[in-house]
Amino acid sequence: MENHPYAPAEIEPYWQAEWQEKSAFKIPNDIETLKTKPKFYVLGMFPYTSGAGLHVGHAKNYVPSDVFANFRRMQGYHVMHPMGWDAFGLPTERTAVRENEHPAHITERNTETFQQQMQRIGFSYDWSRKIDTSVPEYYRWTQWIFLRLYEKGLAYLADVPVNWCPALGTVLSNEEVKDGKYVETGDPVERRLMRQWMLKITAYADRLLEDLDVLDWPEGLKEMQRNWIGKSEGADITFKIKESDKTFTVFTTRPDTLFGATYCVLAPEHPLVSEIAHPDAASAVNAYVKEAINKSDLQRTDLATEKTGVFTGAYAINPCNNAPIPIWVADYVLMTYGTGAIMAVPGHDERDHEFASAFGIPIVEVISGGEKPIEEAPFEGDGVCVNSDFLNGLRVADAKERMIAWLESEERGTRQVQYRLRDWLFSRQRYWGEPFPLAHLEDGTIVQLPDEELPVELPLIDAYKPTEDGKPPLARADANWLKVTLPDGQTATRETNIMPQWAGSCWYYLRFLDAHNTEVPFDPELERYWMPVDSYMGGAEHAVLHLLYARFWHKVLYDCGLVSTKEPFQGLLNQGTILAQSYQDAKGKYYYPHEAEEKDGEFVAKASGVSLQTQIEKMSKSRFNVINSDDVIDNYGADSLRLYLLFIGPFTASTPWQDAGVEGVYRFLQRVWRLVIDEDSGELSEKLTDAAGTTESELWRELHKTIKQVTEDTESIDKMNTAISQMMIFVNTATQAKSLPKEILKIFLHLLSPYAPHIAQELWHRLGETGFIALSQWPTHDEAVLTSATVTIIAQVNGKLRNRLELPADATEKEIEEAALADERVQRFIEGKPIRKVIVVSKRNLINIVV
RNA sequence: GGUCGAGUGGUGGAAUCGGUAGACACAACGGACUUAAAAUCCGUCGCCUGUAAAAAGGUGUGGGGGUUCAAGUCCCCCCUCGACCA
């Protein structure tokens, strides 16, 4: 006899094709049609399209955003839910070099894979809005926006220290360098000053900081952005150099401790270092500077490492008491923060204290209140000024104000706000990125190309590496590309740097709104309708850089009158990472799970027998523990994959993948299937009836309970795991019911549809409905159905549960108390003891008797 | 070192405003069905005492202390892990 079990491999491709063919999730682009409904913009951070394809870690982000988009759509919103590809960047360029193929071809192949994998999961994206940051139709507008920044004076050239690898002849990012070596080849890397494009993000520091307050983001994430921007208020103070007319300026957040400054430190890169060094000290200073310059900032400022430094032989004059204090050079001071020079107050700063102790520099207490003597430990807390002349007796906050006022009146310093945020290094000496829409005249003048000339397309070149004389790869392009004739007839040479990988992702959420516009980057009316993004979901690894860069560009566009909101992403959630078991031998080499086996409770490599360590860690290609979404779909179907990723835990929690867990949700879907379909005949189950839903009153109540909870849990996004639990409870109840009104099942299928769209659609269809359940209306629960005639009262004695009492729902507190005191089991515990207090919590259906 | 977050059965995780700890699953175990197995259905499942089995009781949310009629939840100290920053 033929069987008719739940067969996702048959129903899923069918409905995916139907959705595609009927454009089920296509959003109109006509503003009048759009205005008939409220809008909702759900955006999952688009993926970098590496060759590895989509794994379940990506899906952990995209599945909840898809469920939420489905949910809002059923609630009657126009839902913007697009997808696209972040395609420019180094990984693809590296693959291109390795495989000797143009990066555009590789990108095409990779994006094709990603799209197929996503379509197999049944996401409700409007694929007609798909974008790819590496195609000219898109990056034309990235260049266009860059020109708006350039016009506003926000892009400039500067000599900045970069990681230069002589062996490769190229600049590397900080992430590619570890311990002064290129992480992949071990070639040495040095710090070198190079002329680079910078974006003046620091001009927006204050607004980037202040506007965080209006965003619905997790507090921790806002705090990370605040720390990154790192605003600190204090003063710039000018120090004269003894027996010289030279001066230097320091920035300090603690002007109140100026009387305690017993030495100064210049960063090794500080221009004064070579000028002021005493002849006797010059050679030691030079040697020190040379060594320090190649260390990373992290190495230099790490509190754990021992402080190093060298005395210059010169003295500065403390501006508040004219005391001469020695000037040192030390690498714990960075040229890139503040002024590259500090006043050191060892009594009240930990690093200064450590340094002064090591080199025998005096330590003076100027703020009282420390627990230990000032020679033993610095005191960084709040206290009262001492040994500080006109500041004596003031508390720290007042002393700061007083000192700044005094410095300003004496013209020895000014109030100053300092940011940790640096300007954004915006150029790369690479190939696979957006060319700058700029050119250089013979005399060195830089000119912007007219908007009509865009896009500046990437030229074809023969090798993706810098030229022998150190110019970027684009300098290899032929003269047709390199030379450009300007509207005024002059000839210029194109800029050969490219933009960094971040550029394309800084505004992609705007292009989705009007993805095919050839006149403007996006239509202003559409922008006003859709923006801001209501719910942006993605990994915490983008908590700082991507989100800060995109917010910066958005604010510039706002200032240009091109967008209507100050912030791009009103709501934001970070998904937890997905973890998986990985296997490593003693040397740290990773093994695939299929290469490992368990022997006597230990793991060993199948081939060699060497013993392996196992751990649960982040799923990634380099750890050989990636689970591909296609494999899961092959075995269980897309609906099981979706459900499992949600059921595994809250959206924001990091949880380990367990193959066995997929079985559980797969079984659940099979039970759902059997509620509707008789597996033996393939016909509708005989339990199904056309009776009203209320005829199965217990099930009817469970249904309404389920509507309520699924609605609330889906709304929160973070609790979709408990929404699924409740659906399981409903299905368990329905399985045991003697008869099943179709009405009840149809309502339930609505709840299931955002989560498991294929099976919900198939069963909806089998129950005789036409059209897409995904486009039907979300049900609401009836509170009256949930109330019942009796309630269960929890009876406690001294806070411990002793019995449950079934009482009428309208029982008064007095009646509850009487019933509880009369209860036999409660009696056993109060027997013979005086009752001291009785507390009835009617809201919680609870009574506590204290004896 | 600093900031923020977390720690609950064998496992993933539930638990609203302080009010029944362990929902829902996985794994395990037992039973029904089957020639057998798979699948399915039913049941047990924190630990300890207790019992033939129950009943019943004690204890229990990283550790210690506190507030409260009542603490996984609030406060203080400590330990461990994670993220970010230095």
Side-chain angles (χ1 to χ4, degrees), chain A residues 3 5-6 218-230 296-305 332 334 337 350-351 354 380 420 539-545 574 576-579 581 615-618 643-650 652-668 670-671 673-674 679-680 705-706 708-709 712-713 716 719-733 735-736 792-805 825 828-829 835-851:
Chain A
N3 242 8
Y6 167 51
E219 246 339 285
L221 199 131
K222 289 191 194 180
E223 199 54 31
M224 274 161 68
Q225 292 232 335
R226 285 190 194 106
N227 289 339
W228 191 264
I229 297 167
S296 73
D297 289 357
L298 194 70
Q299 280 174 294
R300 285 168 54 166
T301 54
D302 190 343
L303 286 168
T305 58
Y332 77 95
L334 300 177
Y337 182 77
E350 194 182 329
R351 282 182 294 188
E354 201 188 317
E380 297 184 315
R420 205 188 73 91
E541 66 273 23
H542 297 297
V544 179
L545 295 183
N574 283 134
T577 48
I578 198 138
L579 316 169
Q581 192 149 30
Q615 62 249 308
I616 305 274
E617 55 182 342
K618 187 176 171 175
L643 233 38
Y644 178 63
L645 283 169
L646 296 162
F647 188 61
I648 192 173
T652 52
S654 295
T655 38
W657 177 274
Q658 293 173 316
D659 283 323
V662 190
E663 293 273 0
V665 293
Y666 182 54
R667 281 203 279 262
F668 163 68
Q670 289 174 306
R671 282 203 298 278
W673 181 263
R674 286 194 295 267
E679 286 188 316
D680 291 334
K705 205 175 144 191
T706 306
K708 185 178 182 190
Q709 190 171 339
E712 288 171 2
D713 289 351
S716 80
K719 293 173 72 176
M720 292 178 177
N721 54 332
T722 50
I724 294 170
S725 297
Q726 183 57 42
M727 288 194 268
M728 287 172 167
I729 294 171
F730 171 82
V731 169
N732 291 345
T733 311
T735 302
Q736 285 167 348
T792 308
I793 300 288
I794 303 304
Q796 296 181 333
V797 178
N798 285 348
K800 289 206 175 95
L801 171 71
R802 293 308 177 186
N803 207 358
R804 294 156 211 265
L805 312 171
R825 292 171 52 144
R828 285 223 302 268
F829 290 90
I835 293 168
R836 286 178 34 210
K837 207 169 180 183
V838 175
I839 291 147
V840 180
V841 190
S842 49
K843 218 170 32 175
R844 302 280 181 187
N845 296 333
L846 179 140
I847 178 167
N848 189 14
I849 300 160
V850 187
V851 296

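As a basis for the values below, the full set of heavy atoms in this structure was taken, side chains included, without hydrogen atoms, waters or symmetry mates. So you know, we letter chains A, B, ... as the sequences are listed, proteins then strands, and number each from 1.
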Below 4.0 Å: OP1/OP2 of [N] and any side-chain N or O of [X]:
X	N	answer
A:Q726	B:rA14	no
A:R667	B:rA27	yes
A:R674	B:rC41	yes
A:K800	B:rU59	yes
A:K719	B:rA15	yes

Query raised in the report: Is it true that A:R351 and A:E354 make a salt bridge, defined as a side-chain N closer than 4.0 Å to a carboxylate O?
Result: no

**Report entry** Check: A:G799 main-chain N/O paired with A:N848 side-chain donor or acceptor under 3.5 Å
**Finding:** yes

Requested in this report: Round to the nearest Å and state the distance from A:E663 atom CD to B:rA27 atom P.
Outcome: 7 Å

Report task. Mind calculating the distance between CG (A:N721) and P (B:rC24) to the nearest angstrom? Result -> 14 Å

Query raised in the report: Rounding to the closest angstrom, what is the interatomic distance between B:rG60 and B:rG72 at atom P?
Result: 10 Å

Query - Rounded distance in Å between the C1' positions of B:rA56 and B:rA70 - result: 24 Å

Report summary line: Between A:F647 and A:Q796, whichever has its closest RNA chain B nucleotide further toward 5' is A:Q796

Considering every strand and a 4.0 Å limit on heavy-atom distances, what is the contact class for [X]: base, sugar-phosphate, or nothing?
X	value
A:R671	sugar-phosphate
A:N732	sugar-phosphate
A:Q709	nothing

Report task. Look at atom NZ of A:K705 and say whether more than 12 heavy atoms of other residues, nucleotides or ligands are closer to it than 6.0 Å. Result -> no

Query raised in the report: Is there a donor N/O on one and an acceptor N/O on the other, under 3.5 Å, for the side chain of A:N227 and the base of B:rC85?
Result: no

Query - Residue A:L846, side-chain heavy atoms: nucleotide from B:rC24, B:rG12, B:rG19 that is nearest - result: B:rG19

